[in-house]
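Written out below as structure tokens is the structure these notes cover.
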Amino acid sequence: MIERYAQSLEYIEAEAAGSTPGGQPIDPATLTIQLAFTAVGAEPLEVDWHPATFLRETPSPDNGRTRPGVFGVLAGPGALDVPHGDYDAWIDILDNPERPRAPFGKLRML
């Protein structure tokens with residue numbers, strides 16, 4: 001579970017990777033990612049999605065077949081307001097022709 005303080009300004013992070021149809025890894029900085037935070041058990045609506053910023057590349061867990069990256073949405077005062085509570089965290093990878101969307105964890109705003 002990801003825990004953040006609602007009064008703190010920091011990124012809520014998710015990891016993503018992609019590859020070409022031929023299996024070559026894609027530079028994660030070129031991926032377009034959105035994150036959503038919904039009530040537990042609810043699926044996101046279009047208005048729930050927030051553009052994520054590429055933050056950094058992470059080590060490949062599979063000997064270079066993928067190039068994972070960390071993406072984040074800045075939350076807190078002056079940014080995305082996520083009230084106190086528990087949420088499902090979702091990731092949306094905007095690709096062509098695929099567009100994978102899936103929950104990636106739980107978020108607790110303290």
Side-chain angles (χ1 to χ4, degrees):
M1 175 169 297
I2 303 165
E3 291 188 342
R4 296 285 185 271
Y5 287 96
Q7 68 273 19
S8 179
L9 181 63
E10 57 187 302
Y11 284 101
I12 300 171
E13 298 178 351
E15 190 173 292
S19 61
T20 67
Q24 295 301 310
I26 294 174
D27 178 354
T30 66
L31 296 174
T32 302
I33 304 292
Q34 299 182 113
L35 303 181
F37 312 103
T38 64
V40 174
E43 291 193 15
L45 303 173
E46 286 304 315
V47 298
D48 295 324
W49 293 103
H50 305 282
T53 301
F54 173 73
L55 301 174
R56 64 189 173 278
E57 195 167 331
T58 61
S60 176
D62 54 11
N63 296 322
R65 288 194 309 268
T66 60
R67 290 178 59 188
V70 176
F71 299 81
V73 171
L74 193 59
L80 177 65
D81 179 29
V82 183
H84 297 277
D86 290 342
Y87 300 89
D88 286 337
W90 291 76
I91 188 167
D92 180 18
I93 303 172
L94 287 84
D95 199 1
N96 186 14
E98 296 180 321
R99 187 169 179 183
R101 286 184 168 179
F104 70 88
K106 302 287 185 185
L107 171 65
R108 175 168 290 155
M109 293 302 285
L110 305 171

How close do V82 and A6 get, heavy atom to heavy atom, and via which atoms? O-CB, 4.0 Å
Answer yes if Y87 and I2 sit in the same cluster of Ile, Leu, Val, Met, Phe, Trp and Tyr residues linked by side chain heavy atoms under 4.5 Å apart, and no otherwise. yes
Please name the pair of heavy atoms, one in E57 and one in P68, separated by the smallest distance, quoted to 0.1 Å. CG-O, 3.3 Å
For the CD atom on E3, are there more than 12 heavy atoms of other groups (residues, nucleotides or ligands in this structure) within a distance under 6.0 Å? yes
NE2 of H84 to OH of Y5: how many Å apart, nearest 0.5 Å? 11.0 Å
For the student: nearest non-hydrogen atoms of E43 and D48, plus distance: O-OD2, 4.5 Å
Nearest 0.5 Å please: distance from the CH2 atom of W49 over to the CD1 atom of I91. 8.0 Å
Minimum heavy-atom distance between E15 and T58, given as atom pair plus value: OE1-OG1, 3.6 Å
Pair up each side-chain donor or acceptor in residues 23-35 with any protein partner under 3.5 Å, not counting sequence neighbours, and list the distances.
unit_1	atom_1	unit_2	atom_2	d
D27	OD1	A29	N	3.0
T30	OG1	D27	O	2.7
Q34	NE2	D92	OD2	2.7

V40 vs K106 side-chain heavy atoms within contact, under 4.5 Å: yes
Single-linkage hydrophobic cluster L55~F37, side-chain heavy atoms < 4.5 angstrom: no
Give a yes or no on whether the backbone of A36 and the side-chain of H50 come within a donor-acceptor separation of less than 3.5 Å. no
Report yes or no: do L80 and F54 belong to one cluster of Ile/Leu/Val/Met/Phe/Trp/Tyr joined by side chain heavy-atom distances under 4.5 Å? yes
Which heavy atom in A42 sits nearest to a heavy atom in W90, and how many Å separate them? O-NE1, 3.6 Å
L9 reachable from V70 in the ILVMFWY side-chain graph, under 4.5 Å edges: yes
Y11 to G72 - nearest heavy-atom pair and separation: CD2-C, 3.6 Å
Give, for atom CG of D88 and atom OG1 of T38, the distance between the pair rounded to the nearest 0.5 Å. 4.5 Å
